[in-house]
Amino acid sequence: MIKDKILVIGACGQIGVELTLELRRIYGGANVVASDLREENPLLKGTGPYVSLDVMNKEMLHVQVIRQNITQIYLLAAILSATGEKNPNLAWHLNTTSLLNVLDIAKDENIRKVYWPSSIAVFGPTSPKKNCPQQTIIEPITVYGISKYAGEFWCNYFNHRYKVDVRSLRYPGLISYKSEPGGGTTDYAVEIFHDALAENHYTCFLKEDTYLPMMYMPDAIRATIELMESDEDKISIRTSYNISGMSFSPKEIGEEIKKHLPGFTMNYEPDYRLPIAQSWPQSIDDSVAQKDWDWKPKYNLASMTSEMLKNMK
Ligand code: NAD
Ligand code: SER
């Protein structure tokens with residue numbers, strides 16, 4: 001049996017913290033090296049090795065991969081949709097160069113598997129709004145979406161040309177309570193819980209009827225690990241898989257929160273993030289992921305809301 005040693009890049013972010021903890025539970029703390037530009041997240045402290053690493057520094061990354069005998073890489077470092085629009089050059093540079101650095105090293109060092117997430121942000125205003133299929137018109141309008149779409153094709157290229165086993169999911173907006181979201185358009189669905197518990201009120205930066213695809217973090221972590229543990233011959237998509245959890249609008253999540261906090265109120269002050277959200281599909285068709293590796297979400301709006309409030313209290 002191959003003894004894997006995993007490097008998680010961007011381990012202190014919204015997904016990185018929970019994914020690192022789950023990988024450490026499965027593979028053993030010492031076999032999962034967490035890395036980030038930031039200081040180590042307090043939740044990771046004492047659970048396994050941590051290195052300070054800038055993924056843009058290819059030489060430094062290469063040294064860590066060799067020194068730590070890495071066999072799998074999870075690349076989570078990126079600039080998300082809303083922050084990306086404030087600095088498009090930086091977002092393009094980080095999101096694409098980080099991936100190329102990792103894929104190049106994976107090719108040269110015989111890394112067994114690479115994980116890199118894409119996003120629903122690859123879709124644009126010309127993609128179908130409801131049940132957006134795996135293969136469809138893809139014309140993203142954000143620099144983040146463009147970088148993810150380009151990244152998907154680099155993954156496909158390295159798989160076909162160099163046999164790098166790189167796997168990817170197009171995550172919907174992710175909802176979590178353990179670590180803060182990092183500058184996305186879907187972050188309202190996390191902020192709303194913090195403000196509901198602190199002030200019983202939330203001012204939303206989207207309109208009340210802005211439906212978006214969303215997923216509770218435990219489902220996203222499980223999907224990631226199920227994809228990575230699937231047999232190679234089951235993986236038919238080498239760009240990135242659509243996956244779906246739930247779909248709701250700000251008004252609907254507000255009404256769900258009100259069932260637990262009866263005095264909760266909301267108002268709406270849409271900003272530059274509204275057109276980004278409106279350019280994305282409202283719901284996703286993930287039938288290819290269901291067929292290839294048996295993907296199935298566990299959480300819906302009601303169960304996610306009650307878990308979030310229970311854990312955050
Ligand atoms: P995040 O912003 O919370 O975390 C990213 C982490 O990367 C941060 O801790 C940051 O310090 C680190 N980082 C940034 N630049 C770095 C560098 N040069 N070197 C090393 N580390 C660096 O993001 P997240 O929400 O955890 O997202 C992780 C991945 O999942 C990203 O690729 C993102 O596009 C994708 N994704 C996230 C969501 C979501 O809703 N959170 C949805 C779709 C896709
Ligand atoms: N949650 C992400 C964002 O809003 C989607 O990739 O940017």
Side-chain angles (χ1 to χ4, degrees), residues 7-20 33-41 43-44 50-58 60-61 64 73-87 90-91 93-99 101-102 114-123 140-149 151-152 155 168-176 178-191 205-206 210 212-217 219-221 223-224 240-245 272-281 284:
L7 176 65
V8 182
I9 302 169
C12 297
Q14 189 194 7
I15 301 171
V17 171
E18 297 204 37
L19 186 59
T20 302
V33 181
S35 72
D36 204 294
L37 270 185
R38 296 195 221 180
E39 262 183 40
E40 186 176 15
N41 184 290
L43 291 176
L44 297 181
Y50 181 79
V51 293
S52 178
L53 179 77
D54 180 356
V55 67
M56 302 300 276
N57 184 336
K58 192 174 175 186
M60 194 165 117
L61 174 63
Q64 283 297 342
I73 301 177
Y74 285 69
L75 170 58
L76 303 173
I79 291 180
L80 278 80
S81 61
T83 311
E85 290 312 294
K86 293 183 181 154
N87 195 338
L90 183 66
H93 190 50
L94 174 65
N95 295 359
T96 52
T97 307
S98 59
L99 178 60
N101 285 351
V102 167
V114 175
Y115 178 74
W116 170 84
S118 183
S119 162
I120 53 157
V122 294
F123 299 116
I141 58 160
T142 60
V143 68
Y144 175 66
I146 300 169
S147 70
K148 288 293 180 187
Y149 199 40
E152 289 190 6
C155 291
S168 177
L169 298 173
R170 289 174 179 155
Y171 289 133
L174 300 181
I175 302 165
S176 65
K178 288 189 185 163
S179 41
E180 297 287 308
T185 303
T186 57
D187 292 6
Y188 93 84
V190 178
E191 283 176 14
F205 57 75
L206 302 180
T210 320
L212 283 171
M214 299 279 187
M215 182 175 279
Y216 191 35
M217 191 62 88
D219 270 342
I221 301 298
T224 306
S240 188
Y241 279 99
N242 276 10
I243 49 162
S244 172
Y272 70 99
R273 289 167 282 192
L274 178 63
I276 300 178
Q278 286 174 329
S279 77
W280 293 344
I284 298 290

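As the structure is a computational prediction, the values presented were derived from the model and not from experiment. Note that ligands are numbered from 1 as they come in the structure, with each ligand's atoms numbered from 1 the same way. Along the sequence shown, residues carry numbers from 1.
Protein heavy atom at the shortest distance from atom 5 (C) of ligand 2 is Ser119 OG, 3.4 Å. Atom 1 (N) of ligand 2 has as its closest protein heavy atom Thr186 OG1, 2.6 Å.
Within the listing of ligand 2, atoms 3 (C), 4 (O), 7 (O) sit less than 4.0 angstrom from a heavy atom of Ser81. In summary, the atoms of ligand 2 found under 4.0 Å from a heavy atom of Leu80, numbered by their order in the structure, are 2 (C), 7 (O). Counting the atoms of ligand 2 from 1 in the order shown, those under 4.0 Å from a heavy atom of Thr185 are 3 (C), 4 (O), 7 (O).
Near ligand 1, Gly10, Cys12, Gly13, Gln14, Ile15, Asp36, Leu37, Arg38, Leu53, Asp54, Val55, Met56, Leu76, Ala77, Ala78, Leu80, Leu94, Pro117, Ser118, Ser119, Tyr144, Lys148, Tyr171, Pro172, Gly173, Leu174, Gly182, Thr186 each place a heavy atom less than 4.0 angstrom from the ligand.
For the pair Ile276 and Tyr144, the minimum side-chain heavy-atom distance is 4.5 Å or more. Lys86 is listed as a side-chain neighbour of Tyr272, based on a closest heavy-atom distance under 4.5 Å. You'll find the side chain of Cys155 reaches within 4.5 Å of the side chain of Leu99, heavy atoms only.
For the pair Trp280 and ligand 2, a heavy-atom separation below 4.0 Å is found.
Summarising the geometry of Gly183 relative to Leu80, their closest heavy-atom pair is O-CB, 3.7 Å, with the distance given to 0.1 Å. Minimum interatomic distance between Val190 and Leu174 (heavy atoms only, all atoms of both residues): CG2-O, 3.8 Å. Across all their heavy atoms, Ile243 and Ile284 have their closest contact at O-CG2, 3.9 Å.
Ion pair Glu85/Arg273 not flagged as a salt bridge, since none of the NZ, NE, NH1 or NH2 atoms sits closer than 4.0 Å to an Asp/Glu carboxylate oxygen.
Side chain to side chain, Thr224 and Tyr171 meet the donor-acceptor criterion of an N or O pair below 3.5 Å. For the 3.5 Å distance criterion, the side chains of Ser118 and Glu152 qualify, holding a donor opposite an acceptor.
Any N or O atom pair closer than 3.5 Å counts here, and Tyr171 shares no such pair with ligand 2.
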